[in-house]
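Since the structure comes first, as structure tokens, the remarks are kept for the end.
Numbered from 1 within each chain, the chains take letters A, B, ... in sequence-line order. Small disclaimer: the values here were computed from a predicted structure and weren't measured.
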Protein chains: 2
Amino acid sequence: MPPNIYDIAKKAGVSIATVSRVFNNTNNVKESTRQKVLTIAEEMGYHPQAYAQRLASKKKNSIMMLVPVMSNYFFTEILKGTQGILKNQEIELNIVNINQDQGVLHQVEQIIKRRWADGYLLASLHLTEDELIKLRRYNVPISLLDDYSPNFDSVSFNNVEGGYLAVKYLLKKGFKQIVFIAGRADSLPIVHRIDGFKKALSEFEIPFHETQIVTGTSMERDGFNEKNGYEAMQKILNMNPVPDAVFCSSDVKAVGALKAMADRKKQVPLISYDNLSISEYIGLTTIHQPMYDMGYNATQNLISRINEENSEICNDIHSPELIIRSSSEI
Amino acid sequence: MPPNIYDIAKKAGVSIATVSRVFNNTNNVKESTRQKVLTIAEEMGYHPQAYAQRLASKKKNSIMMLVPVMSNYFFTEILKGTQGILKNQEIELNIVNINQDQGVLHQVEQIIKRRWADGYLLASLHLTEDELIKLRRYNVPISLLDDYSPNFDSVSFNNVEGGYLAVKYLLKKGFKQIVFIAGRADSLPIVHRIDGFKKALSEFEIPFHETQIVTGTSMERDGFNEKNGYEAMQKILNMNPVPDAVFCSSDVKAVGALKAMADRKKQVPLISYDNLSISEYIGLTTIHQPMYDMGYNATQNLISRINEENSEICNDIHSPELIIRSSSEI
DNA sequence: CTGAAAGCGCTTACAG
DNA sequence: CTGAAAGCGCTTACAG
């Protein structure tokens with residue numbers, strides 16, 4: 001059995017209260033007893049158990065991040081931002097994966113109900129407003145990332161603007177027949193980017209047809225994978241006539257799309273979305289999303305909310321930026 | 001204040017023991033009382049608190065993964081493997097980031113001492129054997145991933161073989177002057193790959209010079225970033241004579257190296273390391289590491305160890321596989 | 001099928 | 001500067 005606070009107290013000849021004080025740096029403990037306790041604890045490999053500590057103190061000093069797809073490049077950038085602000089704070093971060101196929105709301109509720117953390121960062125979960133409102137009864141700080149709600153702090157990205165910017169650029173260059181490589185068409189960011197797409201088209205008085213939305217069949221990670229892009233691009237190259245330009249919903253998919261073009265020895269101008277770290281090196285024209293900043297800000301919002309429950313709700317909306325590289329300049 | 005077990009018990013007219021039984025599915029509880037309790041709990045948004053539950057039951061049903069660089073592509077693959085085996089098991093996974101600049105052993109000890117989980121997965125932490133042995137006193141299941149120790153379950157990758165395989169392939173094709181793009185030269189996987197590199201050279205009776213080890217200056221993520229590869233390749237292209245071929249320590253760096261070649265309009269055959277999902281699409285010849293399988297196996301080891309403390313130590317060593325694509329065939 | 005009660009390992013007023 | 005004691009919110013033999 002591992003030692004507990006009683007073992008340490010007994011061996012050090014003090015009460016458990018004193019041992020507790022040593023580990024919590026509360027009150028003043030005489031330096032000599034402090035050292036004695038610390039030495040014995042080190043010897044015996046003791047540290048207060050997290051569970052007992054949190055139950056007794058009702059403080060947690062921890063936040064939890066809930067994400068649907070941990071294994072994508074988008075997430076790793078966000079995480080860096082979160083870690084950026086957490087560094088040097090005495091707050092622990094725990095990350096838990098949410099399975100998108102099994103009732104997202106239910107999973108979130110299970111975690112929140114169990115009172116794991118002081119606050120929760122919901123990243124890219126895209127719950128509906130009705131669902132979000134249900135979470136309010138747990139009365140715990142929640143901050144949204146890559147999502148928007150008038151009822152919670154949020155940091156989101158203007159996807160309508162992103163789609164608009166991308167397509168407008170292509171239209172300005174004189175391309176008329178433009179197709180969009182989507183992922184799951186019911187995902188909110190995709191819906192918004194399509195809205196932006198349409199907005200740009202209508203500004204140039206070009207009609208929109210459903211056939212301009214293309215997707216591959218490979219649906220791993222909601223379709224945000226290379227293969228899906230490859231498949232979609234194959235379809236596009238089979239169209240007659242071949243479209244003038246492509247707007248692709250993610251850089252990862254664009255990697256696949258580029259390969260499909262190379263395989264068929266055809267070149268179609270392409271703009272994609274994300275601006276991952278590899279994108280610069282493979283020459284992707286793309287819409288930059290400040291994922292690091294978004295992770296940073298959302299975490300900051302959450303911490304503020306934990307410390308000051310009743311401050312005003314804060315909705316940050318980050319704007320897109322068009323990064324022009326070679327893939328669109330053909 | 002959120003409701004606790006007493007609130008539910010009182011409202012349902014039962015004892016707290018019964019409420020507890022309902023939530024734990026232990027014993028038989030009369031169906032009608034079960035329903036009553038569940039309904040009231042749902043109404044009041046109650047679920048047993050994780051901390052209290054774990055303290056009282058001494059069971060955790062959770063494992064914790066400790067990783068140094070969460071934000072790299074290598075990790076995301078491993079994680080998929082871990083999630084693959086955890087799916088359908090009632091085991092929670094928590095992920096915690098270890099800062100490589102602040103005493104890795106100390107951070108690991110702090111977490112283990114606090115008894116967060118039933119077992120710990122140490123991924124790519126590369127503690128020394130002396131350090132690892134210190135962890136034994138906590139008497140808790142530990143499983144190593146991308147690392148080896150005779151004293152712990154481990155899943156590792158044969159990096160010597162990987163380096164050997166890559167360089168031998170280049171030598172067989174007739175290239176004599178080969179350089180290696182390293183990361184931090186003190187990282188164990190890199191050291192081993194260099195050993196394999198040397199082994200292949202000596203088999204072909206080609207002498208080795210330190211100048212054949214090149215690295216960029218950008219050291220984010222231990223040098224495993226695109227920029228480092230770009231910088232390293234620039235140095236290589238400035239050598240006189242330019243080497244015959246390049247062995248690159250990671251696919252991410254190879255992306256940078258490829259860009260450097262394109263920018264200078266020079267082509268040098270290249271083999272890299274990892275086989276990420278993008279690699280197929282950008283035509284990288286590379287050494288495949290079965291990261292998913294490794295994550296899967298290491299997690300499996302850990303779970304077995306948790307269930308059966310005294311089984312024999314199991315050291316899996318995965319073998320590399322050479323995947324030939326276009327980057328080496330110039 | 002259910003309840004009373006002890007106990008999990010801590011923290012924290014309170015008192016001195 | 002330190003100790004005795006209550007309490008955090010649960011689980012689980014034990015008894016019926």
Salt-bridge criterion met for [X] and [Y] (N-O under 4.0 Å):
X: B:K36; Y: B:E31; answer: no
X: A:E109; Y: A:R114; answer: no
X: B:K134; Y: B:E131; answer: no
X: B:R54; Y: B:E92; answer: yes

Take the protein atom [atom1] of [X] and the nucleotide atom [atom2] of [N], then report the distance between them rounded to whole Å.
X: A:R114; N: D:dG9; atom1: CZ; atom2: P; result: 16 Å
X: A:K60; N: D:dC8; atom1: NZ; atom2: P; result: 14 Å
X: A:R54; N: D:dC10; atom1: CZ; atom2: C1'; result: 17 Å
X: A:N61; N: C:dT11; atom1: CG; atom2: P; result: 12 Å
X: A:L55; N: D:dT11; atom1: CG; atom2: P; result: 12 Å
X: A:Y46; N: C:dG9; atom1: OH; atom2: C1'; result: 7 Å
X: A:I8; N: C:dT11; atom1: CD1; atom2: C1'; result: 17 Å
X: B:K10; N: C:dG3; atom1: NZ; atom2: P; result: 15 Å

Expressed as a whole number of Å, how far does the C1' atom of D:dG16 sit from that of D:dT12?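 Roughly 16 Å separates the two C1' atoms.
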
Quote, to the nearest angstrom, the P distance that separates C:dA5 from C:dC1.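 So the two P atoms sit 24 Å from each other.
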
Please compare A:Q53 and B:I16 by the position of their nearest nucleotide in DNA chain C and report the one closer to 5'.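 So the residue in question is B:I16.
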
By nearest atom, which of the nucleotides [options] is closest to the [X] side chain?
X: B:I5; options: D:dG3, D:dC10, D:dT2; value: D:dC10
X: B:Q49; options: C:dG9, C:dT12, D:dG9; value: D:dG9
X: A:N24; options: C:dT11, D:dG3, D:dC8; value: C:dT11
X: B:S57; options: D:dT11, C:dG3, D:dC1; value: D:dT11
X: B:V14; options: C:dT2, C:dT12, C:dG3; value: C:dG3
X: B:P48; options: D:dT2, D:dG3, D:dT11; value: D:dT11
X: A:K59; options: D:dC8, C:dT12, D:dT12; value: C:dT12
X: B:R21; options: C:dT11, C:dG9, C:dG3; value: C:dG3
X: B:A56; options: D:dT11, C:dC10, D:dT2; value: D:dT11
X: B:N4; options: D:dT2, C:dT12, D:dC10; value: D:dC10

Would you say [N] has OP1 or OP2 under 4.0 Å from some side-chain N or O of [X]?
X: B:Y51; N: D:dT11; answer: no
X: A:K58; N: D:dG9; answer: yes
X: B:T33; N: C:dC1; answer: no
X: A:T18; N: D:dC1; answer: no

Has the side chain of [X] got a donor or acceptor atom that lies under 3.5 Å from a matching backbone atom of [Y]?
X: B:S154; Y: B:S156; result: no
X: A:N94; Y: B:N94; result: no
X: B:N297; Y: B:M294; result: no

How is [X] classified with respect to the nucleic acid when contacts are heavy atoms under 4.0 Å: base, sugar-phosphate, or nothing?
X: A:S20; value: base
X: B:Y6; value: base
X: B:F23; value: nothing

Considering every strand shown, what is the Watson-Crick or G-U wobble mate of D:dA13 when both distances are under 3.5 Å? none

Quick one: look up who C:dA4 pairs with, Watson-Crick or G-U, both distances under 3.5 Å, and put none if it's unpaired.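 When the pairing criteria are applied, nothing turns out to pair with C:dA4, so the answer is none.
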
